[in-house]
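This report refers to the structure that appears directly beneath it.
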Number of protein chains: 2
Amino acid sequence: MSQISPMKTDGSPRFRQIVEHLKQDIAEGVLPAHSALPSERAVAELYGVSRMTARRALEAMEAEGLAYSKQRKGRFVSPKRLKYDISNMVSFVADAQSGGTDLEIELVSRGKAKADRSLAPALAVTVGEELLEYTRLFRIKGHATFIETEYVIASRFPDLLTRDLRQSTTRLLEQHYRTSARSGDIVIRMRALQADEARLLGLAPHHAAIELEQVIRDKSGEAFCFGRQVWRGELAEFSAKAIVNG
Amino acid sequence: MSQISPMKTDGSPRFRQIVEHLKQDIAEGVLPAHSALPSERAVAELYGVSRMTARRALEAMEAEGLAYSKQRKGRFVSPKRLKYDISNMVSFVADAQSGGTDLEIELVSRGKAKADRSLAPALAVTVGEELLEYTRLFRIKGHATFIETEYVIASRFPDLLTRDLRQSTTRLLEQHYRTSARSGDIVIRMRALQADEARLLGLAPHHAAIELEQVIRDKSGEAFCFGRQVWRGELAEFSAKAIVNG
DNA sequence: AAACCACACTGGTATATACCAAGAGATGGT
DNA sequence: ACCATCTCTTGGTATATACCAGTGTGGTTT
């Protein structure tokens, strides 16, 4: 951390000035990725402001994606964004691992579920159809980055839940069930984290996030998997290819 | 607005309880889309909390995309999300207008620019190449929804800036320059609004937003337009199609 | 060496208060 | 009828203070 300046009167709000100062420290490498930012109380003292003002500054850092907070541990500098090509259905997991990304998968839960009114149309099954459901937490370089919940049609993938789900499911389904992904429909939106998601990602609730839903289809065009990923929005960007109509 | 309840001690923070109460009013239609939420001071009095707590509640509504604020005018209920299919390059404008969406375009600025280090590679030109640049603000049902800045190669589209830019540029370029979009490369990311963007959208700065960048190519695969859209993230969702590798 | 507990420190919540600047509407003078 | 001004309301910024609930550390006890 570089030293403070008085900078009383430059027009912009005090908390903005603090944000700019912290940004500078990050840009100059004084504060590298994943290093701790000064605490709310430390910022208050360093810059001679009240704790609420220090808090506003640090919350602005979060809102701008420059920092993330771990509950009651402190705030840390965000790393560079991860790129994710959504047009190419080759599994994100397989792709990342072959690209050398340090990716860990933690199985959070698994079980049976029944298709409800929102899932049934996506998978083209009747409401009440038995599904398998599993939720996994993905860490990149040890940092929780996104949560994925997938739903597959139970009758089509017997014993899936007894297998090791800490790997690419694309690969798993290919090897054991001769089902491979051919196309998908994807929806991306911004929304706030729910309490349980925030807990898994180690973030404060209500934090803005990116939700990515995808329906995965086989070569006959039949949907066999519905997945919902919740990403720490400041950590990723999504690329796609577009082609004129059809 | 329905009446308040004491709900002192249900475990969750006081401001959360207020959020839930307001959510309920929205879900029940007591507060329709674009209607005003009670002001910070009104919430404070209605629920018997301090203004700072009322503020936290209303800010949480914003963070969750349920409300938006107009600077110093008040907070309002967000409308339903707009769907935007990014896989189909048919112009958003043409598509929306044919679909009956009430869409207005305001030209914010236009002028010449030179390709810098970030634009030049995207458009496959040399740094310093002359470009035309224009920024437009898009309103849907009268509400500012996104800002778009497009850059095109000047030599290829003479007099473009003298034409009426309050229409689909896809159509404009087709009719006058026999250039039509065939494919595109798109990147979507979440980021915070900059001050000038916030002003145009009538929102508070630092608000989370969706940035959508696209490089548009003609039938020979040559890039002729680079566009950057900044969307109010809570107002839209983006769909895409994916196909296994290639 | 392992288990435990106390303490310091973190962010999270909350109150009360104060002043500013921008927007909206009423008021009043021309 | 028009325009300027005054006033009220709004969110935006800021201070000072208080207590709570997890986290991690270090020292003490077993």
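So you know, we letter chains A, B, ... as the sequences are listed, proteins then strands, and number each from 1.
Taking a 4.0 Å limit (strictly below) on heavy-atom distances, residues 56-72 of chain B reaches DNA chain C at B/Arg56, B/Arg72.
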List the steps, then state whether salt bridge (Lys or Arg N to Asp or Glu O under 4.0 Å) holds for B/Arg191 with B/Glu213.
CA-CA 12 Å; B/Arg191 68 166 174 84; B/Glu213 286 182 350; over 6 Å; no
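In this structure, NE2 of B/His207 is placed 15 Å from P of D/dG11, rounded to the nearest angstrom. In this entry the distance linking CD of A/Glu45 with P of C/dT10 reads 11 Å, nearest Å. Rounded to whole angstrom, the span from the CG atom of B/Leu37 across to the C1' atom of D/dT10 amounts to 13 Å. Taking atom CZ of B/Arg14 as the reference point, atom P of D/dC20 lies 18 Å away to the nearest angstrom. If you measure from atom CE of B/Met52 to atom P of D/dT17, you get 16 Å, rounded to the nearest angstrom. Summarising the geometry, the separation between CZ on B/Arg16 and P on C/dA14 is reported as 11 Å, rounded to the nearest angstrom. Rounded to an integer number of Å, the gap from B/Glu40 CD to C/dG23 P is 16 Å. Atom-to-atom, CZ of B/Arg41 to P of C/dA18 comes out at 13 Å; the value is rounded to the nearest Å.
Ring orientation note: the planes of B/Tyr68 and B/His143 are nearly perpendicular, at an angle over 60° on the 30°/60° scale. Ring-plane geometry between A/Phe92 and A/Phe146 is classed as perpendicular, the angle between the planes exceeding 60 degrees on a 0 to 90 degree scale with a lower cut at 30. Using cut-offs of 30° and 60° on the angle between ring planes, the pair A/His21 and A/Tyr47 is perpendicular.
The local environment of CZ in B/Arg171 is sparse, with at most 12 non-hydrogen atoms from other residues, nucleotides or ligands closer than 6.0 Å. Heavy atoms of other residues, nucleotides or ligands lying less than 6.0 angstrom from CZ of A/Arg166 number 12 at most.
Between the base of D/dG11 and the side chain of B/Arg55 there is no donor-acceptor pair shorter than 3.5 Å.
The phosphate of C/dC9 (OP1 or OP2) has no side-chain N or O of A/Arg75 nearer than 4.0 angstrom. Close to D/dT13, at under 4.0 Å from its OP1 or OP2, lies no side-chain N or O of A/Thr53. In this model, the phosphate group of D/dT17 is not approached by any side-chain N or O of A/Ser50 to a distance below 4.0 Å at OP1 or OP2.
Over its length, the helix from C/dA1-D/dT30 to C/dT30-D/dA1 turns its helix axis by 0°, as judged from the five terminal pairs at each end, rounded to 10°.
Pairs engaging residues 97-111 of chain A under the salt bridge (Lys or Arg N to Asp or Glu O under 4.0 Å) rule: A/Glu106-A/Arg139 [sequence neighbours left out].
The backbone N or O of B/Leu165 sits less than 3.5 Å from a side-chain atom of B/Arg136, completing a donor-acceptor pair. Looking only at distances, no side-chain donor or acceptor of B/Arg232 sits under 3.5 Å from a matching main-chain atom of B/Leu201.
When the nearest nucleotides of DNA chain D are assigned to B/Ser39 and A/Val49 by heavy-atom distance, the more 5′-ward of the two goes with B/Ser39.
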